[in-house]
Trainee: 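Below you will find the structure I want to go over with you.
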Amino acid sequence: MTGIFNTMMGFLTYKPNDKRDFELLEGKYEGVERTNIPEAADIKTDSQAYEDIKTKEDTKKHQKSTKTPLSIDEWNKQKNEESTSFVQTEEGKVSFDLNSNMEFIKQEFGIPYNTDIMIRQFKAAQKFSAFIVYIDGMVDKNYISNFLIRPLMDSHNFHGYLENDTNSDILDYIEQNVISAHEIASANDWKTINYNILSGNTALFVENSQKCLVMSTRGYEKRSVGKPITENVVMGSQEAFTENLRTNLSLVRKIIKNKNLITEMIKVGNTNQAHVGIMYLNGIVNQEVVKEVKRRINDIDAAFVMGDGMVEQFIEENPFMILPQGLTTERPDRVASFITEGKVAIISEGVPFALVVPITFFHMLQTSEDSMLRWQYGTFLRFIRIFGLLVATFLPAMYVALTLFHQEMVPTELLASIAKSKEEVPFPTVAEILLLEISFELIREGGIRIPGVIGQTLGIIGALILGQAAVAAGLVSPILIIIVAVTGLGSFAIPNYSFGIGLRIIRFLFIFFASILGFYGISLGLFLLSCILCSMKSFGVPYFSPVAPKSRSNPDLIIRHPIRKQNERPDYLNVPNRKKAR
């Protein structure tokens, strides 16, 4: 009995893991609410921290035991150093003492643990102690060597300063006479300096100066401008955004050569501090929309924000709506077109997409190619897309409703053919269509994720196994293969990716409604969907504008009028300048 009790206690009692494998245990910060990110210098193991504390305590004891009297000059010097250090830590300003600045940099960036931070010491004009700080891999090293360090070490460039024996700050002289960087600014607060260093700039510190110079030396790798991947067109621009924010902004500015095109930068993400550019055309955009966009972005309180997709989720009106409330595009020409219409573009660094707000339902069915084609061709293509939308959303539900509830609406010959094809299928129609739809979704998702070299294998699996083999095995009927294939083609005709995913989800809801009530269920689902869409808003603009509510708009909704007649901006934007051309 005692042995059984001890065995049970052994199972219930915690024993430390004596194996040498890695185990993530609770550390000293477990359960402690930290409002700030731990400093890089604090990133040490517990044993290292213990050793540091022990060393400091030993040092203090040693200092107490060996403290010697100071002279008046030494005491004043020590007090001045303490005063300088107090100002530096309390107010976050650069110190006069160059060594203090260097020590502060090392402490801030965790040197020597952090090996990416480079500190280059030298003598400016062969006389003044100085150093520069930058991050390896994010700067142009040739530029730093040839246009920063070399002119700074050349004493001939300082003749004016040395001969005049002026008492002015040496950094002012360097900024105006020595360094030829295209973008340079002085800074004296550590927050600004640290952010510039982390952004790929270089900071220059010189002795006896209570500030530093921050120079633009960015030189990290970036992708060149390529063709659009998700928004291919036959006619029109073949340029797409890249992951570099400055490149994306310049692509838009290259199209809109207007002095009123405003670009405002906002930092988001408490940890990664990513830049978000807001572009709009002053004098045309409704400033209330701009204020609302800036307010929502400034209200983002998250550790990591990357790209327009995450920004959209933070700033959208209702996160529980299925359809997107902002339009994502990778085409600069499309962004430029929306900006000239009075909308606001949000471009984030790190992703080759831009977000446009406010938008409506009808924008999701338009492409930039529509404007490049004659109005008859553009209108025809839009009808094709609308037909694709209807097929992708309702065709499987219609098939379920017809075969289960409304057989009298199907021609006799077709009904006989359907019944004959289902003779050997053991599943009900709903299970059969769900099986094939989910299989099709798996193929589509797998086709995006797998490497391109084995893409043919996926095609073979989809065509042979899920097509012929499934029919031969009696798992699905042949006519259902046609239904799902046409549905897939219809979903491919929808130009917006997020909108297409939303409709794929809605399609399953309609299948469910059709399976329980037939056409009445589809009508009920359509009624609910219409109510939801009519209640949606994108930055204050009704999602179904200008149809519901009815308002004046550019005659470019579904039927494209000739381009010379498209001279008005949408009324729902309430822009101060409604006329496009005068």
Side-chain angles (χ1 to χ4, degrees), residues 135 137-143 181-183 198-201 216-269 272-281 305-312 324 326-341 343-357 359 363-364 366-373 448 451-452 455 495-500:
I135 297 180
M138 294 189 69
V139 299
D140 187 344
K141 291 183 179 179
N142 291 327
Y143 185 86
H182 68 281
E183 188 176 343
L198 293 170
S199 300
N201 293 329
S216 176
T217 55
R218 295 184 183 94
Y220 41 79
E221 296 294 331
K222 60 182 180 182
R223 186 167 61 96
S224 59
V225 177
K227 290 185 175 181
I229 298 175
T230 60
E231 290 180 275
N232 287 323
V233 295
V234 177
M235 299 182 66
S237 172
Q238 299 295 331
E239 285 184 339
F241 286 129
T242 70
E243 286 76 10
N244 186 269
L245 177 60
R246 292 293 175 186
T247 303
N248 295 342
L249 297 177
S250 64
L251 288 174
V252 178
R253 281 201 174 273
K254 193 172 69 174
I255 299 172
I256 305 177
K257 303 177 182 64
N258 193 308
K259 63 180 182 180
N260 293 322
L261 179 61
I262 307 297
T263 303
E264 296 189 42
M265 305 297 289
I266 299 177
K267 282 190 291 186
V268 297
N272 63 326
Q273 300 187 66
H275 272 125
V276 173
I278 300 173
M279 299 191 80
Y280 57 90
L281 208 51
V305 179
M306 182 74 180
D308 61 292
M310 295 183 72
V311 173
E312 179 187 5
L327 189 142
T328 301
T329 178
E330 63 171 338
R331 300 186 60 86
D333 58 338
R334 201 171 185 204
V335 169
S337 173
F338 281 126
I339 289 177
T340 55
E341 204 171 45
K343 297 181 173 61
V344 179
I346 303 169
I347 305 176
S348 307
E349 65 178 347
V351 292
F353 294 97
L355 178 68
V356 179
V357 293
I359 54 96
H363 288 120
M364 300 298 179
Q366 299 174 359
T367 68
S368 61
E369 193 179 26
D370 297 349
S371 302
M372 299 295 169
L373 298 172
I448 297 174
N496 188 274
Y497 182 71
S498 300
F499 189 71

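Every heavy atom of this structure was used, including side-chain atoms; hydrogens, water molecules and symmetry mates were not.
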Trainee: Which residues pass the side-chain contact (heavy atoms from CB on, under 4.5 Å) test with M372, sequence neighbours left out?
Mentor: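 For M372 the side-chain contact (heavy atoms from CB on, under 4.5 Å) partners, ignoring immediate neighbours, are M235.
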Trainee: Under the salt bridge (Lys or Arg N to Asp or Glu O under 4.0 Å) rule, collect the residues that match up with K141, sequence neighbours excluded.
Mentor: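 Once residues adjacent in sequence are excluded, the partners of K141 under the salt bridge (Lys or Arg N to Asp or Glu O under 4.0 Å) criterion are D136.
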Trainee: List in chain and number order the residues that pass side chain to side chain donor-acceptor pair (under 3.5 Å) with S250, two or more places apart in sequence or in another chain; answer none if no residue qualifies.
Mentor: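 Counting only residues at least two positions away or on another chain, S250 forms no side chain to side chain donor-acceptor pair (under 3.5 Å).
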Trainee: Within the 4.5 Å heavy-atom criterion, are M265 and V276 side-chain neighbours or not?
Mentor: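 No, side chains not in contact.
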Trainee: Under the side chain to side chain donor-acceptor pair (under 3.5 Å) rule, collect the residues that match up with N496, sequence neighbours excluded.
Mentor: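 Testing N496 for side chain to side chain donor-acceptor pair (under 3.5 Å), a comparison that skips the adjacent residues, returns none.
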Trainee: Tell me every residue that passes side-chain contact (heavy atoms from CB on, under 4.5 Å) with I262, counting only those two or more places apart in sequence or in another chain.
Mentor: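 Counting only residues at least two positions away or on another chain, I262 forms a side-chain contact (heavy atoms from CB on, under 4.5 Å) with E264, Y280, N282.
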Trainee: For residues V335 and I339, determine if any side-chain heavy atom of one lies less than 4.5 Å from a side-chain heavy atom of the other.
Mentor: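 Touching, per the 4.5 Å side-chain cut-off.
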Trainee: Could you work out, with side-chain contact (heavy atoms from CB on, under 4.5 Å) as the rule, every residue matching S199, not counting sequence neighbours?
Mentor: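 Y195, R218.
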Trainee: For S368, enumerate each residue passing the side chain to side chain donor-acceptor pair (under 3.5 Å) test, keeping only those at least two apart in sequence or located in another chain.
Mentor: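 Once residues adjacent in sequence are excluded, the partners of S368 under the side chain to side chain donor-acceptor pair (under 3.5 Å) criterion are R331.
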Trainee: Taking only residues at least two apart or on different chains, which pairs with a member in residues 343-354 satisfy side chain to side chain donor-acceptor pair (under 3.5 Å)?
Mentor: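 For residues 343-354, and leaving out neighbouring residues, the side chain to side chain donor-acceptor pair (under 3.5 Å) pairs sorted by first residue read E341-K343.
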Trainee: Under the side-chain contact (heavy atoms from CB on, under 4.5 Å) test, which residues partner D140, sequence neighbours left out?
Mentor: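 Only N142, Y143 meet the side-chain contact (heavy atoms from CB on, under 4.5 Å) criterion with D140.
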Trainee: Going by side chain to side chain donor-acceptor pair (under 3.5 Å), name the residues that satisfy it together with S371, two or more places apart in sequence or in a different chain.
Mentor: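 Expected list: none.
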Trainee: Which salt bridge (charged side-chain N to carboxylate O under 4.0 Å, His left out) pairs, counting each pair once, include a residue from residues 226-246, with sequence neighbours left out?
Mentor: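 Every salt bridge (charged side-chain N to carboxylate O under 4.0 Å, His left out) pair that includes a residue of residues 226-246, provided the two are not neighbours, is R223-E243, E231-R334, E239-K254.
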